[in-house]
Amino acid sequence: MPPVSSRLPVFPWDRLEPYKATAAAHPDGLVDLSVGTPVDPVPPLIQRALAAATDRPGYPTVWGTPALRDAISGWCERRLGAREVGHANVLPVVGSKELVAWLPIQLGLGPGDRVAYPRLAYPTYEVGARLAGAEPVVYDSPTELDPTGLRLLWLNSPSNPTGRVLSADELRETVRWAREHGVLLASDECYLELGWEVEPVSVLRPDICDGDFSGLLAVHSLSKRSNLAGYRAAFVAGDAEIIGELLKVRKHGGMMTPAPVQEAVIAALGDDSHVAEQRERYAARRAALRAALDKRGFRVEHSEASLYLWATRDEPCWDTVAELAEHGVLVAPGDFYGPAGERFVRVAFTATDERVAAAVRRLS
């Protein structure tokens, strides 16, 4: 039997290791702007909620506690503007990457089925299709896809890596098209609370979906907005029938959010002030890095939301990676996200203030 890994692309980050070693040799140390991992403290109210829940010897449930489902439903209504989000419409997951990777399998997709995602995209959409044995398909415009055999359509707004935000009109048209062709639409909205130049919207908003969640899933994460990447805390909301099927499958697989993490999520979703504070940190880092990139001759495209600047000097991305590594600055090559990114780099602004300041000095 051939190994499952033979279906998958080479793990892209392994290719960056030599450049990371070069950057780390800089006299003032490495500035790692390649991975968008949070570096700021977990907000104290979330830490307290986690600590208070550590004496939980029993198994948690896959669906989470009623209080957790209340918190998710309430947040969807308050923050997304969705209406009538009941417990049947929500499901906690063990980090959004887990759901993206395993959703095609949990939906029963396999050979002969097709999974579509943006031409420039988070690599795990392709991985999920290949794990299921389905055919991965890229698109520039989702409504121009051939719907034959298409079972799952991924949207990603705000986009990783480009930071592009789909307009309400684009979302409405895509929802209409997916329903017309019987395609499940999954919207990865993990950066929705990190809009800088525009306000991102969810497919669950009534004016986008006509108040009907049928055929729609929205994926959200607490990794970025609450610095909880290490907690593996996320959820999916939408079509109750699909959510119910996923719940049945995931119960068999034991895909449970740990009980203390569930309590932390309740605290995080119930508080908006820590999100606003973190946005201010990121906004300052974004402004400093963008100005430094401009001065160094880069052109930044899209990047109106998310935690990245999508930048180019109209040269092969690995040339840019190599040149910046010599200055101790590590960025992600754009071709990690598809061949269309081969002349771009993704610059994360999730480093500490001190490291961002160091990068600005070196870029300037």
Side-chain angles (χ1 to χ4, degrees), residues 68-93 95-97 99-100 103 116-118 121-122 125 141-143 152-160 162-179 183-226 228 233-243 246 265 268-272 275-276 278-279 302 304-307:
L68 175 60
R69 299 195 296 272
D70 281 341
I72 296 172
S73 299
W75 183 87
C76 288
E77 293 183 351
R78 185 182 79 251
R79 183 61 188 85
L80 304 184
R83 296 177 185 164
E84 299 182 6
V85 184
H87 285 198
N89 300 113
V90 301
L91 179 66
V93 298
S96 59
K97 183 172 185 175
L99 182 79
V100 173
L103 182 62
Y117 51 88
Y122 182 48
Y125 305 129
S141 171
T143 58
L152 176 62
L153 168 61
W154 280 106
L155 297 183
N156 181 207
S157 175
S159 163
N160 175 15
T162 69
R164 182 189 172 204
V165 175
L166 297 176
S167 69
D169 287 342
E170 289 174 302
L171 290 173
R172 269 191 294 272
E173 176 59 18
T174 305
V175 169
R176 182 204 62 76
W177 183 91
R179 286 174 169 168
V183 178
L184 176 63
L185 191 158
S187 180
D188 181 348
E189 303 174 352
C190 289
Y191 296 91
L192 184 134
E193 293 193 279
L194 295 163
W196 308 111
E197 298 168 12
V198 296
E199 184 67 25
V201 298
S202 172
V203 294
L204 301 186
R205 206 171 74 174
D207 62 314
I208 305 297
C209 68
D210 295 325
D212 177 9
F213 300 154
S214 298
L216 302 177
L217 295 176
V219 182
H220 286 270
S221 168
L222 285 83
S223 293
K224 315 299 185 183
R225 50 98 69 191
S226 298
L228 296 189
F235 59 88
V236 59
D239 188 319
E241 184 176 349
I242 301 296
I243 294 288
L246 291 175
V265 170
L269 292 179
D271 178 75
D272 294 331
V275 181
Q278 189 61 45
R279 278 180 54 87
H302 297 300
E304 59 260 27
S306 82
L307 291 177

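No hydrogens, no waters, no symmetry mates; every other heavy atom, side chains included, goes into these values. From a predicted model like this one, the values you see are computed outputs, not experimental measurements.
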*Side chain Arg79, main chain Asp272, donor-acceptor under 3.5 Å*: no
*Can you tell me if CD on Glu197 sees more than 12 non-hydrogen neighbours from other groups inside 6.0 Å?*
yes
_side chain to side chain contact (heavy atoms under 4.5 Å, CB included) assessment of Glu189 paired with Val203_ = CA-CA 9 Å; Glu189 303 174 352; Val203 294; 3.5 Å; yes
*Any idea which heavy atoms bring Ala233 and Val265 closest together, and the distance?*
CB-CG2, 3.5 Å
*asked:* Can you confirm whether Tyr117 sits close enough to Asn156 that some side-chain heavy atom of one is under 4.5 Å from a side-chain heavy atom of the other?
replied: no
_Pairwise distance OG(Ser187) to CG(Leu171) - rounded to 0.5 angstrom_ = 6.5 Å
_Atom CD of Glu241: over 12 foreign heavy atoms under 6.0 Å_ = no
*Check whether any side-chain N or O of Ser221 sits under 3.5 Å from a backbone N or O of Ser223 as a donor-acceptor pair, and report yes or no.*
yes
*Where is the tightest heavy-atom contact between Ser226 and Ala268, given as atom of each residue plus distance?*
OG-CB, 3.9 Å
*Taking C-beta and beyond as the side chain, do Arg279 and Leu194 meet within less than 4.5 Å on heavy atoms?*
yes
*Hey, does Ile243 have a side-chain heavy atom less than 4.5 Å from the side chain of Val236?*
yes
*State, to 0.1 Å, how close Leu204 and Gly238 come at their nearest heavy-atom pair, and which atoms those are.*
CD2-CA, 4.2 Å
*Verify side chain to side chain contact (heavy atoms under 4.5 Å, CB included) between Leu103 and Leu246, making sure each step is shown before the conclusion.*
CA-CA 8 Å; Leu103 182 62; Leu246 291 175; 3.8 Å; yes
_Minimal non-hydrogen separation, Leu217 against Asp239, with atom names_ = CD2-N, 4.3 Å
*Do the side chains of Val90 and Leu68 get nearer than 4.5 Å, heavy atoms only?*
no
_Approximate separation, where rounding is to 0.5 Å, of Lys224 NZ and Ser96 OG_ = 8.0 Å
*asked:* Over 60° means perpendicular and under 30° means parallel, so tell me whether His220 and Phe235 are parallel, tilted or perpendicular.
replied: parallel
*Report yes or no: do Asp188 and Tyr125 form a side-chain donor-acceptor pair below 3.5 Å?*
yes
*Are any of the side-chain heavy atoms of His87 and Ile72 separated by less than 4.5 Å?*
no
*Sub-3.5 Å donor-acceptor pair from the side chain of Asp210 to the main-chain atoms of Asp212, do we have one?*
no
*Roughly how far apart are Leu216 CG and Asn89 CG, rounded to 0.5 Å?*
11.0 Å
*If you measure from CZ on Arg179 to SG on Cys209, what distance do you get to the nearest 0.5 Å?*
6.0 Å
_Between Phe213 and Val85, is the side chain to side chain contact (heavy atoms under 4.5 Å, CB included) condition met? List the steps._
CA-CA 9 Å; Phe213 300 154; Val85 184; 3.9 Å; yes
_With a 6.0 Å cut-off (strictly less than), is the heavy-atom count around CZ of Arg83, excluding the residue itself, greater than 12?_
no
*Spatial distance of atom OG (Ser306) from atom CH2 (Trp196) [nearest 0.5 Å]*: 9.0 Å
*For Arg225 and Asp271, work out which heavy atoms get closest and say how close.*
NH2-O, 4.3 Å
*Answer whether the closest heavy-atom distance between the side chains of Pro200 and Leu192 falls below 4.5 Å.*
yes
_Student check: side-chain heavy atoms of Val219 and Trp154 closer than 4.5 Å_ = yes
*Check step by step if side chain to side chain contact (heavy atoms under 4.5 Å, CB included) holds for Leu222 and Leu269.*
CA-CA 8 Å; Leu222 285 83; Leu269 292 179; 4.1 Å; yes
*State, yes or no, whether a side-chain contact exists between Arg172 and Asp207 at a heavy-atom distance under 4.5 Å.*
yes
*Does a side chain donor of either Arg164 or His302 reach within less than 3.5 Å of an acceptor in the other side chain?*
no
*Provide the closest heavy-atom pair for Val165 versus Glu170 in the form atom of the first, atom of the second, distance.*
O-OE1, 4.3 Å
